[in-house]
Amino acid sequence: MEKMELILAAKPGEINAAGSWGRPLAHLAYRVGGGPHLFRANGPATPQRGLMVVDDTGFSGGGEPEGFCNEVLRECAARRFSGVVCRFLERPAPTLVQAVGKLGELCRGRGLEFYVTEGYAGATGEGKVLISTALSGGSLRGRLEEAGERYGFSRLALWVERRAEDFPLPSPGGAGSPLTGEELERRREEHGAEVFFSGELCAHYFTYMAGERGHFVLFDDMGSIRRKLRLGEELGIRTGFLTYEEVEMEKLRELS
């Protein structure tokens, strides 16, 4: 079974520490804003090499994509980036649909890697499709197999999210409240909850009662992250992204 290449996604203030671990880097320093234009976060480290990650938080839509695409390519050249990750998580915007299609072609022409979230995968036949490992129901294997059938397993890349969420029961919308590590541990201890592992979700969970209402808490640790990566490898997925601030670095070597 071929090992998955693990890429560390880090913010500007984390990039030097993340780089010391010898993994390929993805820079969480960019977003698409009004215009559309490319904006870069300020930080103590000037990004060089690795992948540029662009998010769409707060993008209001509208505008022509050509200028934005050119800005992305100029930044890649200036920072010697090896590729672009369009991590667009908001509802697909027509302008960004066009931008993704154009960027995919431009990156291919320049020998740059290209990644795009699944919501925008239909806009391009280029690059790899990012699949989040965070689920609140169903089966992660089933989710990945479905994506593999649609795009091809060789075209998939995992974005591993270390989640901790508290779901009130019933939870018709499937939305939970995020928990910090401290809140997670305190909740478990307060209720003396026994922790179980869901093979379907590849995540840990426990339940508790608050008054007359039940709660379901779903969370990851390095063990569940390891399981998710191994599942991806079994299915032929060759690239995975880990967020630096979510990973226990002393245990990172155990993932390879």
Side-chain angles (χ1 to χ4, degrees), residues 1-10 18 21-26 28 50-51 53 82-89 104 113-122 124-165 167 174 176 184 194-206 216-256:
M1 183 169 61
E2 185 178 338
K3 292 288 187 182
M4 185 182 295
E5 179 184 49
L6 299 181
I7 300 170
L8 276 181
W21 288 86
R23 298 279 181 179
L25 297 176
L28 300 172
L51 296 167
V53 182
S82 59
V84 180
V85 181
C86 291
R87 192 164 183 255
F88 298 157
L89 301 178
E113 298 174 66
F114 187 63
Y115 298 83
V116 64
T117 43
E118 191 174 9
Y120 283 85
T124 179
E126 305 296 338
K128 293 191 174 184
V129 181
L130 292 171
I131 305 295
S132 170
T133 61
L135 295 179
S136 58
S139 161
L140 181 59
R141 177 180 288 274
R143 170 85 175 88
L144 297 180
E145 288 178 342
E146 180 183 2
E149 290 174 4
R150 181 175 301 175
Y151 307 110
F153 287 104
S154 63
R155 202 183 163 207
L156 299 186
L158 296 186
W159 190 283
V160 181
E161 298 186 63
R162 185 171 181 171
R163 290 277 189 90
E165 292 183 282
F167 298 86
L184 173 67
E194 185 178 358
V195 175
F196 302 93
F197 184 78
S198 168
E200 291 291 290
L201 297 173
C202 272
H204 301 282
Y205 70 93
F206 62 85
F216 175 79
V217 177
L218 187 68
F219 68 97
D220 285 301
D221 62 9
M222 293 302 288
S224 63
I225 287 174
R226 191 181 303 111
R227 297 266 196 113
K228 291 175 179 181
L229 293 172
R230 293 294 178 264
L231 174 59
E233 287 178 339
E234 289 174 15
L235 295 173
I237 300 172
R238 297 292 169 251
T239 307
F241 288 81
L242 298 166
T243 303
Y244 176 76
E245 66 180 1
E246 295 179 349
V247 175
E248 296 174 39
M249 297 306 298
E250 69 277 7
K251 296 183 180 179
L252 179 62
R253 289 190 181 91
E254 298 177 14
L255 300 178
S256 56

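The analysis underlying the following values was restricted to heavy atoms, covering all of them including side chains, and did not include hydrogens, waters or symmetry mates.
- When all heavy atoms of Ala18 and Ala10 are compared, the pair lying nearest together is CB-CB, 3.9 Å.
- Residues forming a side-chain contact (heavy atoms from CB on, under 4.5 Å) with Ser139 (at least two apart in sequence, or on another chain): Arg141, Glu200.
- Glu118 and Arg150 are joined by a salt bridge, as a carboxylate oxygen and a charged side-chain nitrogen come within less than 4.0 angstrom of each other.
- Met4 places none of its side-chain heavy atoms less than 4.5 Å from the side chain of Arg238.
- The shortest side-chain heavy-atom distance between Tyr205 and Phe216 falls under the 4.5 Å cut-off.
- The minimum heavy-atom distance linking Gly176 with Phe167 is given by the pair N-CE2, 3.3 Å.
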| said: Under the criterion side chain to side chain contact (heavy atoms under 4.5 Å, CB included), I'd like the reasoning laid out for Leu144 against Leu231: C-alpha separation, chi angles, the key distance, then a yes or no. | reply: CA-CA 9 Å; Leu144 297 180; Leu231 174 59; 4.2 Å; yes

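- Of the N and O atoms on the side chains of Asp220 and His204, not one donor lies less than 3.5 Å from an acceptor on the other residue.
- Put simply, the side chain of Val247 does not reach to within 4.5 Å of the side chain of Arg162, judged on heavy atoms.
- A ring-centre distance under 6.0 Å is not found for Phe206 and Phe196.
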Would you be so kind as to tabulate the donor-acceptor pairs closer than 3.5 Å made by side chains of residues 129-138, with sequence neighbours excluded?
residue : atom : partner : partner atom : Å
Ser132  : OG   : Ala134  : N            : 3.1
Ser132  : OG   : Glu161  : OE2          : 2.5
Thr133  : OG1  : Glu161  : N            : 3.3

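- Ser82 OG to Glu113 CD: the interatomic distance, rounded to the nearest 0.5 Å, is 4.5 Å.
- Between Arg87 atom CZ and Tyr120 atom OH the span is 13.5 Å, to the nearest 0.5 Å.
- With hydrogens and angles disregarded, a donor-acceptor distance shorter than 3.5 Å links the side chain of Thr124 to the backbone of Glu126.
- Not a single donor-acceptor pair under 3.5 Å links the side chain of Ser198 to the backbone N or O of Ala203.
- Annotation: side chain of Leu242 is not in contact with side chain of Trp159 (no heavy-atom distance under 4.5 Å).
- Residues Ala26 and Val53 approach most closely at CB-CG2, 3.6 Å, considering heavy atoms.
- With contacts defined as side-chain heavy-atom distances shorter than 4.5 Å, the pair Leu201/Leu140 does not qualify.
- Counting heavy atoms from C-beta on, the side chains of Cys86 and Phe114 come closer than 4.5 Å.
- One distance of note links NZ of Lys3 with CG of Leu229; it measures 10.0 Å at 0.5 Å rounding.
- Atom CG of residue Leu184 and atom CD of residue Glu165 lie 11.5 Å apart, to the nearest 0.5 angstrom.
- Comment: Glu146 does not engage Arg143 in a salt bridge, judged by the lack of any side-chain N to carboxylate O separation of less than 4.0 angstrom.
- Put simply, the side chain of Leu51 reaches to within 4.5 Å of the side chain of Ile7, judged on heavy atoms.
- Less than 6.0 angstrom separates the ring centroid of Tyr115 from the ring centroid of Phe241.
- With values rounded to the nearest 0.5 angstrom, Thr239 atom OG1 is found 5.5 Å from Glu5 atom CD.
- In this structure, CD1 in Ile237 is found 10.0 Å from OG in Ser154, a value given to the nearest 0.5 Å.
- Taking every heavy atom of both residues into account, Phe153 and Glu145 meet most closely at CZ-CA, 3.8 Å.
- A heavy-atom distance below 4.5 Å is not found between the side chains of Leu28 and Tyr244.
- The local environment of CZ in Arg155 is crowded, with over 12 non-hydrogen atoms from other residues, nucleotides or ligands closer than 6.0 Å.
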